[in-house]
Amino acid sequence: MATPEARAAVAALLGDLPLRPDLLIEHLHAIQDREGCLRAGRLVALAALLRLAPVEVFEVASFYAHFDIVEDDAPAPPPVTIRVCDGLPCAMAGAEELLAALRADTPAGARVVPAPCMGACHRAPAVSVEHGAVAGRVERATPASVAGAAAHGVPRPPRAPLPPYGWSVLRAAREGRLTREAMLAAVEASGLRGLGGAGFPAARKWRAVLAHPGPRHVVVNADEGEPGTFKDRDCLEREPRRVLEGMLLAAHAIGAEACWIYLRDEYAELRLDLAAEIAALQAEGMAAGTAIHLRRGAGAYVCGEETALLESLEGRRGYPRHKPPYPGERGLFGRPTLIHNVETLWWLPEILGTPDGAARFAGAGRRGRGGKRLFSVSGRVRRPGVVAAPAGVTARELIEEFCGGMAEGHRFVAYLPGGASGGILPAAMADLPLDFGTLEPHGCFVGSGAVVVLSDRDDLAAAVRNLVRFFRDESCGQCTPCRVGTAKAARLLEAPRWDRALLEELAAAMADGSICGLGQAAMNPVLSVLRFFPEAVP
């Protein structure tokens with residue numbers, strides 16, 4: 001039972017945050033940011049303020065990796081947390097050795113923990129250094145640079161002012177020069193698809209939401225966490241107003257009353273910049289009565305799955321929902337909801353900005369494919385980074401034409417065409433078009449366009465173990481095939497000899513029985529190596 005004094009203390013920590021259950025994750029962040037942890041008594045008092053059962057608060061707080069629950073009389077965690085990314089691109093760049101060095105000589109007042117992808121795969125290895133609520137990322141990290149950040153913080157260079165932005169396409173829509181039906185027709189003609197991984201046609205999604213009565217919502221999925229993926233971060237850093245214009249265009253087209261941006265907690269610096277941009281557009285009057293909510297994740301890859309994201313926005317654990325109903329019918333708070341990832345919205349001003357924008361976009365592809373894409377390219381290339389390329393481009397073209405070729409001393413052997421879950425293909429198959437529907441016959445997919453390039457210096461079996469450990473650690477635990485299957489797979493892959501038949505049987509059970517794509521695709525790297533690289537299998 002929380003005393004009146006305990007409730008008052010928690011209310012003071014929450015500041016101006018409204019006492020609503022859907023804001024539970026924001027409440028937990030507010031308490032941890034101020035006190036460095038979540039003490040059990042604080043959680044009980046928070047439950048009382050929100051009129052929730054204490055177990056409901058504890059289960060949410062314990063679900064997310066970035067919350068530290070401690071007993072009331074236990075010492076708080078060290079004031080500095082050093083998170084070392086152990087995702088595949090960072091592992092290839094020496095993250096394991098960096099983690100060992102930091103553990104052997106831990107900076108004073110700090111703790112060192114491994115962590116999943118931080119969206120800096122092109123500048124690996126990446127480390128997050130957190131001084132309480134203030135977090136900064138060290139890229140191309142060394143023990144010395146991390147120690148300096150632990151002692152003095154991560155210096156943040158002044159942000160270069162962005163050029164003036166006219167919001168011309170949004171103004172045209174608001175003034176009726178660009179009608180809703182014209183917007184829908186243009187998006188349909190462009191062939192734009194969801195670019196977070198599933199590739200569902202955007203116009204069809206818009207029409208599905210419009211088929212149901214309002215109020216409606218737009219949700220921006222900025223929770224990219226797939227190892228190898230960092231394109232959404234790049235869009236929001238370079239051209240945040242373009243993304244926000246795309247968001248408001250989509251909201252106008254479907255008559256949405258509110259927009260919700262769910263940003264992964266690993267992008268702490270970006271969150272501050274994005275909040276400032278939202279405030280500025282509201283001051284300019286460009287929101288036009290559309291409420292814009294910026295919400296903060298808390299370290300859970302599964303929340304990139306659209307229904308898990310909705311659960312998190314509503315203040316709960318990120319458990320994927322059974323479908324149907326689909327979000328377009330019954331999504332956030334039970335209302336019709338349009339969910340797009342950042343890149344999809346980023347293309348909208350270009351498609352809708354000129355009379356021939358849709359045709360130009362659709363005609364930009366190669367090998368009969370339509371449209372353009374942003375690819376996150378990392379690994380053994382000379383110039384890793386975000387590449388804007390035609391749909392249907394090949395991995396070989398990305399490497400040679402856009403990334404300056406292979407890194408010095410490395411020979412191209414294999415590549416991940418679609419991040420951790422997209423499988424692994426040999427260099428001999430690097431001339432396949434990277435687009436939806438072209439890789440599936442080979443047991444792979446392009447997904448979010450995260451291309452990780454491996455060379456003759458990389459151990460493919462070790463890479464597969466790394467990827468499966470990621471899925472094991474990030475499984476939400478809701479369904480048995482995924483929860484048990486990923487743990488079982490990780491153990492099987494540590495054996496001196498892999499049991500091929502058992503791995504394939506396990507993969508089939510997980511694909512058939514898992515609720516969401518995490519469990520369904522977690523074994524793709526294993527199956528790929530068994531199929532295409534038998535010489536690499538122990």
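Between Arg137 and Glu266 there is no salt bridge, since no side-chain N of the basic residue sits under 4.0 Å from a carboxylate O of the acidic one. Using a cutoff of 4.0 Å between basic side-chain nitrogens and carboxylate oxygens, Arg367 and Glu397 are scored as salt-bridged. Using a cutoff of 4.0 Å between basic side-chain nitrogens and carboxylate oxygens, Arg233 and Glu139 are scored as salt-bridged. A salt bridge is defined here as a Lys NZ or Arg NE, NH1 or NH2 lying under 4.0 Å from an Asp or Glu carboxylate O, and Glu245 with Arg241 fails to meet this definition. The pair Arg264-Glu224 fails the salt-bridge criterion, with no side-chain N (NZ, NE, NH1 or NH2) lying under 4.0 Å from an Asp/Glu carboxylate O.
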Stepwise side chain to side chain donor-acceptor pair (under 3.5 Å) test for Ser312 and Tyr64: CA-CA 10 Å; Ser312 191; Tyr64 295 93; 2.9 Å; yes

Set out, in order, the CA-CA distance, both residues' side-chain angles and the distance that settles side chain to side chain donor-acceptor pair (under 3.5 Å) for Arg171 and Ser168, then state yes or no. CA-CA 5 Å; Arg171 292 183 192 276; Ser168 59; over 6 Å; no

Going through the distances and angles, do Phe402 and Val377 end up as a side-chain contact (heavy atoms from CB on, under 4.5 Å)? CA-CA 10 Å; Phe402 294 91; Val377 186; over 6 Å; no

Given the rule in the side chain to side chain donor-acceptor pair (under 3.5 Å) test, do Trp346 and His340 qualify, once you have shown the distances and angles that lead to the verdict? CA-CA 10 Å; Trp346 190 84; His340 276 316; over 6 Å; no

side-chain contact (heavy atoms from CB on, under 4.5 Å) between Glu56 and Val60, intermediate numbers included: CA-CA 6 Å; Glu56 295 179 87; Val60 172; 6.0 Å; no

Lys323 vs Glu306, test: salt bridge (Lys or Arg N to Asp or Glu O under 4.0 Å). Steps then yes/no. CA-CA 11 Å; Lys323 294 182 282 191; Glu306 61 177 10; 3.4 Å; yes

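A distance-only check finds a donor-acceptor pair linking the side chain of Arg465 to the backbone of Leu493 [under 3.5 Å]. Between the Ser514 side chain and the Cys516 main chain, no donor and acceptor come within less than 3.5 Å of each other. In this structure, the side chain of Ser376 does not engage the main chain of Val386 through any donor-acceptor pair within 3.5 Å. Side-chain atoms of Asp458 come within 3.5 Å of backbone atoms of Ser455 as a donor-acceptor pair (strictly under, hydrogens ignored). A donor-acceptor pair is defined here as one N or O able to donate and one able to accept, closer than 3.5 Å; no such pair exists between the side chain of Glu226 and the backbone of Thr229. Remark: the backbone N or O of Thr344 is paired with a side-chain donor or acceptor of Asn341 at under 3.5 angstrom. For Glu343 (side chain) and Leu374 (main-chain N/O), a donor-acceptor pair under 3.5 Å exists by modelled atom type. At least one donor-acceptor pair closer than 3.5 Å links the side chain of Arg174 to the backbone N or O of Met286. The backbone N or O of Gly392 lies less than 3.5 Å from no partner atom in the side chain of Arg369, so there is not a single donor-acceptor pair.
Shown here are the salt bridge (Lys or Arg N to Asp or Glu O under 4.0 Å) partners of Glu505, two or more places apart in sequence or in another chain: there are none. With sequence neighbours excluded, the residues satisfying ring pair (Phe, Tyr, Trp, His ring centres under 6.0 Å) with Tyr319 are Phe63. By the salt bridge (Lys or Arg N to Asp or Glu O under 4.0 Å) test, Arg20 is found to be paired with Asp22, residues two or more places apart in sequence or in another chain being considered. The ring pair (Phe, Tyr, Trp, His ring centres under 6.0 Å) check on Trp347 picks up Phe361, with sequence neighbours excluded. Residues that satisfy the ring pair (Phe, Tyr, Trp, His ring centres under 6.0 Å) test with Phe67, not counting sequence neighbours, are His29. Every ring pair (Phe, Tyr, Trp, His ring centres under 6.0 Å) that Phe470 has, sequence neighbours left out, goes to Tyr301. Listed by chain and residue number, Arg316, Arg321 satisfy the salt bridge (Lys or Arg N to Asp or Glu O under 4.0 Å) test with Glu314 (two or more places apart in sequence, or in another chain). Every salt bridge (Lys or Arg N to Asp or Glu O under 4.0 Å) that Glu401 has, sequence neighbours left out, goes to Arg366.
Applying the salt bridge (Lys or Arg N to Asp or Glu O under 4.0 Å) definition to pairs two or more places apart or across chains, those involving residues 193-217 are Glu181-Arg207, Glu188-Arg207. Note on residues 422-432: pairs passing salt bridge (Lys or Arg N to Asp or Glu O under 4.0 Å), not counting sequence neighbours, are Arg396-Asp431. Contacts classified as ring pair (Phe, Tyr, Trp, His ring centres under 6.0 Å) and involving residues 366-386 (residues at least two apart or in different chains) are not found. Residue pairs meeting the salt bridge (Lys or Arg N to Asp or Glu O under 4.0 Å) criterion with at least one partner in residues 282-302, sequence neighbours excluded, are Asp33-Arg296, Asp265-Arg296.
With Ile261 as the partner, the side-chain contact (heavy atoms from CB on, under 4.5 Å) test is satisfied by one option alone out of Asn221, Val243, Ile278: Ile278.
With contacts defined as side-chain heavy-atom distances shorter than 4.5 Å, the pair Thr307/Glu305 qualifies. Put simply, the side chain of Thr290 does not reach to within 4.5 Å of the side chain of Glu257, judged on heavy atoms. Two residues are said to be in side-chain contact when any heavy atoms from C-beta on lie closer than 4.5 Å; Val381 and Pro384 meet this criterion. At a threshold of 4.5 Å between non-hydrogen side-chain atoms, the residues Arg380 and Met92 count as touching. Taking the side chain as every heavy atom from C-beta outward, Arg180 and Ile254 never approach each other to under 4.5 Å. Contact check for Val302 versus Pro320: side-chain heavy atoms found under the 4.5 Å cut-off. Using a 4.5 Å heavy-atom cutoff, the side chains of Val218 and Thr337 are not in contact. Between Thr438 and Val446 there is no side-chain heavy-atom pair separated by less than 4.5 Å.
Atom CD1 in Ile424 sits 15.5 Å away from atom NE2 in His442 (nearest 0.5 Å). Here the CG-CE distance, from Asp86 to Met118, works out to 8.5 Å after rounding to the nearest 0.5 Å. To the nearest 0.5 Å, the span separating OG1 on Thr394 from CG on Asp435 amounts to 12.5 Å.
Remark: aromatic rings of Trp260 and Tyr262 are distant, center separation not under 6.0 Å.
Relative orientation of the Phe333 and His217 rings is perpendicular, given thresholds of 30° and 60° on the angle between their planes.
Counting heavy atoms of neighbouring residues, nucleotides and ligands inside a 6.0 Å radius, atom CZ of Arg238 exceeds 12 of them.
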